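A short write-up of the structure that comes next.
Proteins come first, then strands; the chains are lettered A, B, ... in the order of their sequence lines, and each starts at number 1. Note that the structure is predicted; figures quoted are calculated from it, not measured.
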Number of protein chains: 2
Amino acid sequence: MRILHNHPEVQNALSKSNFLDIFTFDAEAYVKLIHFDADDEITKEGEVPEYLFYLVSGQAKLFITLPNGKRTLIDFFNAPCFIGEMELLAVHTHSRSVQALVPCVCLALSLDGCREQLLSDARFLRTLSTYLGNKNMRNVASLAETKTYPLPNRLASFILLAAPNGHYREMHGNAAEYLGVTYRHLLYVLADFVKKGYLGKSSSGYTILNKEALIKLTQAMHTGLSVSSLFANMDTKE
Amino acid sequence: MRILHNHPEVQNALSKSNFLDIFTFDAEAYVKLIHFDADDEITKEGEVPEYLFYLVSGQAKLFITLPNGKRTLIDFFNAPCFIGEMELLAVHTHSRSVQALVPCVCLALSLDGCREQLLSDARFLRTLSTYLGNKNMRNVASLAETKTYPLPNRLASFILLAAPNGHYREMHGNAAEYLGVTYRHLLYVLADFVKKGYLGKSSSGYTILNKEALIKLTQAMHTGLSVSSLFANMDTKE
DNA sequence: CACCTCGTGTGAGATATCTCATATACAGTA
DNA sequence: TACTGTATATGAGATATCTCACACGAGGTG
């Protein structure tokens with residue numbers, strides 16, 4: 001993790017993203033630019049995050065830990081999106097942690113300085129509401145889809161999402177839980193993908209050999225229901 | 001549908017619900033109280049709703065119509081909650097319609113008069129963000145659960161939700177779609193419930209005979225994950 | 001009335017998915 | 001070293017769920 005403050009690169013990110021336009025007040029003084037390496041934790045479990053993050057580029061995954069102690073993969077985040085907005089709103093139902101899937105660049109607003117300003121800023125809150133509304137809509141729509149389709153389709157979609165650079169290496173336990181199926185069954189279908197030549201096993205996971213086939217399986221789920229992605233991101237500007 | 005304006009009953013609802021406290025501006029002038037009968041449409045498909053609703057008492061269900069023309073049951077709303085907030089935010093992904101499941105009482109803010117005030121009111125937007133955040137959290141948490149459990153558990157939960165006064169009469173097609181299973185399979189499990197004495201068939205649907213059993217099946221899903229309900233409502237105040 | 005659509009209801013066979021049992025490998029630790 | 005936990009891996013049999021094919025009744029419409 002690398003934090004940049006008062007740095008030309010920060011200016012660069014700000015001007016590219018129009019991030020400051022989200023706020024009525026002048027947020028620039030509170031802004032830092034943070035680089036995360038793959039696998040870094042952007043927000044750690046149990047800790048109230050120091051920042052409100054705005055993912056400028058990269059991809060991250062969300063985990064929650066259930067009361068029984070199990071850490072479960074819940075969702076993916078794609079730039080551009082907020083991270084830490086739930087905690088800012090004190091919607092703190094479970095411990096959440098967000099982990100970078102690939103190197104990530106975040107604009108980060110120091111909450112110490114401006115939590116109250118954020119929570120009183122109508123322009124920001126309106127953007128946030130719209131963001132959450134869209135996220136919700138996507139969840140709901142994808143829920144309808146997801147429930148209906150068998151594992152091969154969903155797994156294909158999952159692999160495409162979770163495999164940066166064509167290299168898939170999620171732990172089977174997590175993947176199974178995320179996909180809502182048994183470990184055993186996931187293994188069956190993975191093995192089937194290998195047999196069909198979609199995937200190849202490599203030292204630390206699986207490598208995508210036939211991306212087309214996976215895309216085809218994924219798209220079979222999206223026909224008829226215009227949901228661009230199974231997962232929440234923020235590409236629908238208000 | 002019965003609309004009350006400038007009426008003692010409006011005052012009564014306002015004072016009981018603290019609805020006006022959600023806003024910075026004086027919203028009272030825009031408030032009406034609307035009664036819906038069971039099966040009335042609170043928001044109609046394709047129409048941008050005239051009001052932002054706040055469900056004071058009652059229960060409603062949300063439908064969306066998919067591009068293929070099918071109307072699908074998506075979610076339930078329990079008082080207290082907002083209705084029409086998505087449309088206010090212009091999150092208009094699909095045609096949504098909300099239908100009263102039992103007689104419902106709504107406070108309704110006339111959008112004509114105060115749309116801009118709402119979208120500029122930090123206090124309201126903060127409440128709304130928190131509401132949407134909670135809704136999202138519930139969706140996500142329930143998603144994890146829902147996917148994991150077989151139909152009997154989910155159906156039990158569904159029946160309890162969808163059966164006001166112990167009388168269940170959703171159309172099987174809708175129910176099947178909502179539950180993400182086949183019409184055929186739903187019928188199997190319904191028949192099984194009847195055989196086990198949980199339900200009895202009556203003229204226009206099914207009657208709950210053994211509520212305890214259904215509750216037990218529902219609760220089996222909630223152990224280990226502290227989600228009070230599968231569905232979005234607003235009982236978690238910020 | 002004949003005809004259509006739609007919701008209900010049923011049966012039989014195919015698939016998807018789960019449960020349980022078991023084996024191996026690796027990392028931590030007493 | 002032995003012990004423990006965790007992830008990977010595979011097999012066999014049990015369930016849950018799907019697909020397809022069909023029958024019946026109610027409501028609308030020519």
Side-chain angles (χ1 to χ4, degrees), chain A residues 39 63 65-66 68-73 144-159 162 167-196 199-207 217 220-221, chain B residues 39 63 65-66 68-73 99 143-159 162 167-196 199-207 217 220-221:
Chain A
D39 297 337
F63 293 86
T65 296
L66 305 175
N68 61 18
K70 268 187 171 174
R71 190 155 171 268
T72 305
L73 177 56
E145 280 187 318
T146 304
K147 280 189 305 194
T148 316
Y149 291 90
L151 184 56
N153 303 278
R154 281 149 47 212
L155 178 59
S157 167
F158 177 76
I159 290 175
H167 199 72
Y168 172 82
R169 51 194 177 89
E170 290 299 318
M171 282 195 309
H172 295 329
N174 278 337
E177 235 168 321
Y178 177 78
L179 292 164
V181 297
T182 318
Y183 183 92
R184 187 68 193 87
H185 191 53
L186 172 63
L187 270 280
Y188 270 135
V189 180
L190 270 176
D192 190 52
F193 278 10
V194 171
K195 197 171 69 185
K196 283 178 176 151
L199 299 178
K201 293 181 76 161
S202 62
S203 53
S204 59
Y206 295 77
T207 304
L217 280 171
M221 289 195 299
Chain B
D39 298 336
F63 293 86
T65 295
L66 305 176
N68 61 18
K70 267 189 171 172
R71 188 155 172 270
T72 305
L73 176 56
Q99 191 177 4
L143 183 52
E145 279 187 318
T146 305
K147 280 189 305 193
T148 315
Y149 291 89
L151 182 57
N153 302 279
R154 281 149 46 214
L155 177 60
S157 168
F158 177 77
I159 290 175
H167 200 72
Y168 172 83
R169 50 193 178 91
E170 291 299 318
M171 281 194 309
H172 296 328
N174 278 338
E177 236 168 321
Y178 176 78
L179 292 164
V181 297
T182 316
Y183 182 93
R184 186 68 193 88
H185 190 52
L186 172 63
L187 270 279
Y188 270 135
V189 179
L190 269 176
D192 189 53
F193 278 10
V194 171
K195 199 171 67 185
K196 283 178 174 153
L199 299 178
K201 293 182 78 160
S202 63
S203 52
S204 60
Y206 294 77
T207 305
L217 280 171
M221 289 196 298

Any idea which of [options] is nearest the [X] side chain?
X      : options                : answer
B:M171 : D:dT10, D:dA16, C:dT8  : C:dT8
B:L187 : D:dT17, C:dC18, C:dT10 : C:dT10
B:H172 : D:dT17, D:dA9, C:dG9   : C:dG9
A:P152 : D:dT17, C:dT8, C:dT17  : C:dT17
B:Y206 : C:dT17, D:dT8, C:dG9   : C:dG9

By side-chain hydrogen bond (donor to acceptor under 3.5 Å, both in side chains) - contacts of A:N174 (at least two apart) |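 A:N174 satisfies side-chain hydrogen bond (donor to acceptor under 3.5 Å, both in side chains) with no other residue.
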Identify, with sequence neighbours excluded, every residue that meets side-chain hydrogen bond (donor to acceptor under 3.5 Å, both in side chains) alongside A:Y183.
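None.
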What is the distance, to the nearest angstrom, from the [atom1] atom on [X] to the [atom2] atom on [N]?
X      : N      : atom1 : atom2 : answer
A:R154 : C:dA16 : CZ    : P     : 13 Å
B:N153 : D:dT17 : CG    : C1'   : 15 Å
A:Y183 : D:dA9  : OH    : C1'   : 6 Å
A:L186 : D:dT10 : CG    : P     : 12 Å
A:Y149 : D:dT17 : OH    : P     : 18 Å
A:F193 : D:dA9  : CZ    : P     : 16 Å
A:L151 : D:dC18 : CG    : P     : 14 Å
A:N174 : D:dT8  : CG    : C1'   : 14 Å

With sugar-phosphate taken as primed atoms, P, OP1 and OP2 and all else as base, the protein-contact string of nucleotides 19-26 of chain D at under 4.0 Å (heavy atoms; B, S, -) is B-------
Nearest non-hydrogen partners of B:A176 and B:L186, listed with the distance:
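That would be N-CD2, 3.6 Å.
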If you compare all heavy atoms of B:L217 against all heavy atoms of B:A156, which two are closest, and at what distance to 0.1 Å?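 Scanning both residues, the minimum pair turns out to be CB-CB, 3.6 Å.
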(Q) Checking B:F158 against B:L179 for the side-chain contact (heavy atoms from CB on, under 4.5 Å) test, could you report, in this order, the C-alpha distance in whole Å, the side-chain angles of both residues, the deciding distance, and whether it holds? (A) CA-CA 8 Å; B:F158 177 77; B:L179 292 164; 3.9 Å; yes
* Taking the side chain as C-beta and beyond, is there a heavy-atom pair between B:I159 and B:F193 under 4.5 Å? ->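 B:I159 reaches B:F193 side chain to side chain.
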Does the side chain of A:Y206 reach to within under 4.5 Å of the side chain of A:L190, using non-hydrogen atoms?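 Heavy-atom side-chain distance check passes, below 4.5 Å.
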Going by salt bridge (Lys or Arg N to Asp or Glu O under 4.0 Å), name the residues that satisfy it together with B:K201, two or more places apart in sequence or in a different chain.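 In terms of salt bridge (Lys or Arg N to Asp or Glu O under 4.0 Å), with neighbours along the sequence ignored, B:K201 is linked to no residue.
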Quiz item: Can you name the ring pair (Phe, Tyr, Trp, His ring centres under 6.0 Å) partners of B:H167, sequence neighbours left out?
Solution: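 By the ring pair (Phe, Tyr, Trp, His ring centres under 6.0 Å) rule, B:H167 matches no residue at all.
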- Query: To the nearest 10 degrees, what angle separates the axes at the start and end of the helix from C:dC1-D:dG30 to C:dA30-D:dT1, five pairs each?
  - Reply: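 Between the first-five-pair axis and the last-five-pair axis there is 30°.
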Worksheet item: Is any side-chain nitrogen or oxygen of B:K201 closer than 4.0 Å to OP1 or OP2 of C:dG9?
Response: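 For C:dG9, OP1 or OP2 has a side-chain N or O of B:K201 closer than 4.0 Å.
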